[in-house]
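Everything numeric here is computed off the predicted structure, so don't read it as measured data. Because only heavy atoms are used, hydrogens play no part in the values below, and waters and symmetry mates are left out as well, while side chains stay in.
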Amino acid sequence: MRIKFMDGYTLTEKMRKARRRNRLTATEQALFHELVAVCNSEGWEDVFSCSNIELCCALNIDEKTLVRARLSLINAGLIYYKSGKSKRIVGLYSFEKAFENSIVSSTAGNIPVDKPAQETVDAPANLPTNMGANQPTNAPDYIYKTKIETKLKDNIGETSKNKQFVPPSIEEVSAYCMERKNDVDPQRWMDHYTSNGWMVGRSKMKDWKAAVRTWERNNYQTEKKYGNKDKAGNSDSDRKAVIRTTATYNIDK
């Protein structure tokens, strides 16, 4: 049966009048207009059906938001709704016809509305297959929480990746060298990396203790053992050997 003398303009004016008495959010108004469009596509039938998934996709909202927006429209007297008896049966909507087994809303006068506790949700298409019998039946909430948990884990991972390197103090380097009982000169190690901007090759240093261990393996040892080195990397003993060789050569000559 079709709605008599009902069109999109009439329903929009009805919503505008109800908006003066009730504060309707943008989502609630968008839901009303979407239901008007669905009713129009159904040939203005007095009762028409539409699934929750279809409405959520059309409005880009989750199912909890849809349920709240629908209840507000019911309390405002703009729509009537009857939930399906099972998850496979979608709900019914009407702009004029009140369904049976409805109660009187305390906020909307004599406007009949469905009981929110009896309202069931449509079966979601993306329900996880690994949900056991003890898992919650409201799958959209489960999916929504899973997405939030995944996002939080991603944010934690990004925070750990973006953690900035903090250069150590000379006391920390000295204590670490003493702990490992190596021959690395802490002050020399500190001066080296301070002068090159804490670079290891072409990359920024990430672990200063690993850099100390690298010096330890490469025998970057103390000046006491090998003496000072010049710019060419020669120690005092190397320079003295060159001087002796040169002097011997001049005497023979």
Side-chain angles (χ1 to χ4, degrees), residues 1-127 136-148:
M1 180 178 178
R2 295 184 178 181
I3 303 176
K4 296 181 180 180
F5 308 110
M6 186 64 66
D7 54 24
Y9 177 79
T10 304
L11 291 173
T12 301
E13 285 299 312
K14 182 180 179 181
M15 188 270 292
R16 289 172 62 87
K17 292 179 180 179
R19 192 170 56 186
R20 297 175 183 175
R21 303 187 305 269
N22 304 273
R23 296 183 60 181
L24 300 178
T25 65
T27 301
E28 293 162 0
Q29 296 180 53
L31 174 59
F32 181 82
H33 288 297
E34 182 64 25
L35 291 175
V36 171
V38 173
C39 184
N40 182 23
S41 65
E42 297 290 334
W44 297 110
E45 295 288 341
D46 57 349
V47 176
F48 59 96
S49 61
C50 188
S51 67
N52 289 355
I53 295 177
E54 181 181 350
L55 292 173
C56 289
C57 293
L59 302 177
N60 193 24
I61 58 177
D62 56 54
E63 196 158 10
K64 293 176 67 175
T65 304
L66 171 65
V67 172
R68 288 195 298 266
R70 181 168 58 204
L71 186 59
S72 296
L73 294 179
I74 293 173
N75 289 333
L78 292 174
I79 65 171
Y80 300 95
Y81 175 73
K82 182 178 182 180
S83 60
K85 295 181 180 180
S86 65
K87 293 183 179 180
R88 296 186 178 182
I89 301 177
V90 298
L92 300 178
Y93 292 87
S94 177
F95 293 109
E96 296 292 332
K97 181 180 178 180
F99 297 102
E100 297 179 357
N101 300 327
S102 61
I103 62 173
V104 178
S105 172
S106 58
T107 60
N110 295 326
I111 300 173
V113 296
D114 296 331
K115 296 180 180 180
Q118 296 177 350
E119 185 173 304
T120 58
V121 298
D122 301 331
N126 55 348
L127 181 65
T137 57
N138 52 342
D141 296 344
Y142 173 84
I143 297 171
Y144 179 71
K145 293 178 181 177
T146 303
K147 289 182 178 179
I148 291 182

Side-chain heavy-atom pair [X], [Y] within 4.5 angstrom cut-off:
X: L55; Y: S51; answer: no
X: L92; Y: F99; answer: yes
X: D46; Y: E96; answer: no
X: L11; Y: F95; answer: yes

Given R70 and N52, is the side chain to side chain donor-acceptor pair (under 3.5 Å) satisfied, shown in steps? CA-CA 10 Å; R70 181 168 58 204; N52 289 355; 3.1 Å; yes

Give, for atom [atom1] of [X] and atom [atom2] of [Y], the distance between the pair rounded to the nearest 0.5 Å.
X: E54; Y: L59; atom1: CD; atom2: CG; value: 10.0 Å
X: M15; Y: I79; atom1: CE; atom2: CD1; value: 12.0 Å
X: R68; Y: L71; atom1: CZ; atom2: CG; value: 10.5 Å

Report yes or no: does K82 contribute a side-chain atom to a donor-acceptor pair with the main-chain N or O of S94 at less than 3.5 Å? no

Backbone N or O of G8 within a donor-acceptor pair of the T12 side chain at under 3.5 Å? yes

In a table with atom names and distances, give each donor-acceptor pair under 3.5 Å that connects a side chain of residues 26-43 to protein atoms at least two apart or in another chain.
{"residue": "E28", "atom": "OE1", "partner": "T25", "partner atom": "N", "Å": "2.9"}
{"residue": "E28", "atom": "OE2", "partner": "S72", "partner atom": "OG", "Å": "2.9"}
{"residue": "Q29", "atom": "OE1", "partner": "R19", "partner atom": "NH1", "Å": "2.8"}
{"residue": "Q29", "atom": "NE2", "partner": "L24", "partner atom": "O", "Å": "3.1"}
{"residue": "N40", "atom": "OD1", "partner": "W44", "partner atom": "NE1", "Å": "3.2"}
{"residue": "S41", "atom": "OG", "partner": "V38", "partner atom": "O", "Å": "2.6"}

Please report the shortest heavy-atom distance between A18 and A76, naming the atom on each side. CB-O, 4.2 Å

